[in-house]
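Numbering of ligands and ligand atoms starts at 1, following listing order. Below, each value reflects all heavy atoms present in this structure, side chains not excepted, and no hydrogens, waters or symmetry copies. All values reported here derive from a predicted model rather than from experimental measurement.
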Amino acid sequence: MDKLINLDERLKMCASLVRESARLVDVGCDHAYLSISLLKSGKISYAIASDINEMPLKSGENNAVKYGVDNIAFRLGSGLEAIKPEDRITDIVIAGMGGEIISGIIDESPLTRDKNINLVLQPMSKSEELISYLYKNGFEIIKQKCVVSKGKCYTVMSACYTGSSPETDDTFPYIGKLDLENETNLRFMKTQLRHLENKSKGDSSLLNIIEKIEQVIK
Ligand SMILES: C[S@@+](CC[C@H](N)C(=O)[O-])C[C@H]1O[C@@H](n2cnc3c(N)ncnc32)[C@H](O)[C@@H]1O
């Protein structure tokens, strides 16, 4: 089939952070739309679509047949366990999962500690936990953006391993590398603030962070 896949805005943003000619692994691929779309557009020429569950992997395989894509390998496994150094992966996408699950997947695989690998990360929740994890463990955010998709605001980032952990303040996990002049980023920050305000009812130490964030997004 010669049809192009119309990705939603969230996955389009993830696709935009994958590098040209990358050898990609999409962890938690589900439908595999991201890999299929990148392969069909010619931005990349090889992808591994991997998932911990058989059902989503099967649906990805069916979609690859439906869209006539054959340069895609499907692997069953948790996180990056089915990926080998011989796969010569350059870019890793982990999208559509909670920030703590994404951190766990990064932490469990030595493959992520390669300075040449581009990590594209899209947490559905707890982005602050993911950003804290990255900065405590030698990773740096290269780009971070927000996007509205189907009425919801998401953040997407690219990151890589540098081996050093620069000092950051306590607002950094919430703001990360977002440009606060951008309206969509501000919308994301306002949602973050609402979550923080709710959490602060049980943890008054967060009030200080709320105050600092309010000052910068005014
Ligand atoms: C909500 S879907 C996201 C699909 C796609 N990445 C996206 O962003 O649209 C989450 C997928 O991640 C898979 N998954 C959850 N935990 C995983 C893990 N530890 N390793 C690999 N896949 C996982 C699930 O089976 C599911 O297919």
Side-chain angles (χ1 to χ4, degrees), residues 3-19 22-41 43-44 46-67 69 72-84 87 89-113 117-127 129-131 133-134 137 139 141 143-159 184 188 191:
K3 223 165 81 179
L4 279 180
I5 287 193
N6 203 6
L7 294 179
D8 65 21
E9 296 304 315
R10 179 182 62 85
L11 284 177
K12 262 188 207 155
M13 181 74 90
C14 295
S16 76
L17 293 175
V18 171
R19 295 174 298 187
R23 287 179 66 83
L24 173 74
V25 56
D26 181 14
V27 178
C29 64
D30 198 351
H31 34 67
Y33 287 153
L34 182 74
S35 300
I36 295 171
S37 166
L38 283 164
L39 288 164
K40 283 204 77 113
S41 70
K43 185 172 185 183
I44 65 169
Y46 180 73
I48 299 174
S50 163
D51 206 285
I52 195 172
N53 291 307
E54 275 181 35
M55 285 279 280
L57 210 58
K58 193 76 214 147
S59 109
E61 281 170 340
N62 290 338
N63 285 329
V65 172
K66 179 173 161 193
Y67 287 93
V69 169
I72 177 166
F74 287 92
R75 305 252 178 99
L76 183 67
S78 175
L80 288 152
E81 73 179 13
I83 311 305
K84 302 179 270 319
D87 292 317
I89 288 306
T90 63
D91 290 46
I92 298 172
V93 174
I94 316 174
M97 293 175 224
E100 74 288 16
I101 296 177
I102 297 178
S103 317
I105 291 174
I106 296 171
D107 202 50
E108 274 165 22
S109 173
L111 277 182
T112 58
R113 253 86 70 199
I117 285 194
N118 177 39
L119 297 165
V120 177
L121 311 172
Q122 188 276 303
M124 298 301 260
S125 59
K126 298 190 183 166
S127 58
E129 283 192 23
L130 172 61
I131 295 176
Y133 169 81
L134 291 174
N137 289 280
F139 295 87
I141 296 174
K143 289 183 194 156
Q144 187 181 359
K145 299 174 180 185
C146 294
V147 64
V148 176
S149 192
K150 298 176 186 158
K152 278 194 171 174
C153 195
Y154 302 94
T155 194
V156 187
M157 62 196 86
S158 63
T184 311
F188 180 79
T191 312

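Residues Gln122 and Met124 have side chains in contact (heavy-atom distance under 4.5 Å, counting atoms from C-beta outward). The shortest distance between side-chain heavy atoms of Cys153 and Thr184 falls below 4.5 Å. Contact annotation: the side chain of Leu134 approaches that of Ile106 to within less than 4.5 Å [non-hydrogen atoms, C-beta and beyond]. Put simply, the side chain of Val156 does not reach to within 4.5 Å of the side chain of Lys145, judged on heavy atoms.
A donor-acceptor contact shorter than 3.5 Å is absent between the side chain of Arg10 and the backbone of Ser149. Of the possible donor and acceptor atoms, one in the side chain of Asn137 sits under 3.5 Å from a partner among the backbone N and O of Tyr133. Ser35 places no side-chain N or O within donor-acceptor distance of the main-chain N or O of Ala32, the cut-off being under 3.5 Å.
For atom 11 (C) of ligand 1, the nearest non-hydrogen atom of the protein is Gly28 O, 3.7 Å. Residue, atom and distance of the protein heavy atom nearest to atom 10 (C) of ligand 1 are Gly96 O, 3.9 Å.
Judged purely by distance below 3.5 Å, without hydrogens or angles, the side chains of Gln144 and Thr155 pair a donor atom with an acceptor atom.
Near Ser78, the atoms of ligand 1 lying under 4.0 angstrom from a non-hydrogen atom of the residue are 19 (N), 20 (N). Within ligand 1, the atoms closer than 4.0 Å to a non-hydrogen atom of Gly77 are 21 (C), numbered from 1 in the order shown. In the vicinity of Leu11, heavy-atom distances shorter than 4.0 Å reach the ligand 1 atoms 7 (C), 8 (O), 9 (O). Residue contact check: Ile105 has heavy atoms under 4.0 Å from atoms 18 (C), 19 (N) of ligand 1. Residue Pro56 approaches ligand 1 through these ligand atoms, each under 4.0 Å from one of its heavy atoms: 25 (O), 27 (O). Atoms of ligand 1 found under 4.0 Å from any heavy atom of Gly79 (numbered from 1 in listed order, with element): 18 (C), 19 (N), 20 (N), 21 (C).
Ligand 1 has no N or O atom lying under 3.5 Å from any N or O atom of Gln122, backbone or side chain. Residue Val27 places no N or O, backbone or side chain, under 3.5 Å from any N or O of ligand 1.
Atom 9 (O) of ligand 1 has its nearest heavy-atom neighbour, among Arg75, Glu54, Arg10, in Arg10. Considering each of Leu34, Asp8, Asp30, the one bringing a non-hydrogen atom nearest atom 2 (S) of ligand 1 is Asp30. Nearest to atom 13 (C) of ligand 1 by heavy-atom distance, out of Asp51, Leu7, Ile102, is Asp51. The closest heavy-atom contact to atom 16 (N) of ligand 1, among the options Ile52, Leu57, Ile94, comes from Ile52.
The shortest heavy-atom contact between Leu57 and Ala49 is CD1-O, 3.7 Å. Taking each heavy atom of Ile89 and Asp91 in turn, the nearest pair found is CG2-O, 3.5 Å.
If you look at Met97 next to ligand 1, the close heavy atoms, those under 4.0 Å, all belong to the side chain.
At a 4.0 Å cut-off, at least one heavy atom of His31 sits close enough to ligand 1 to count as contact.
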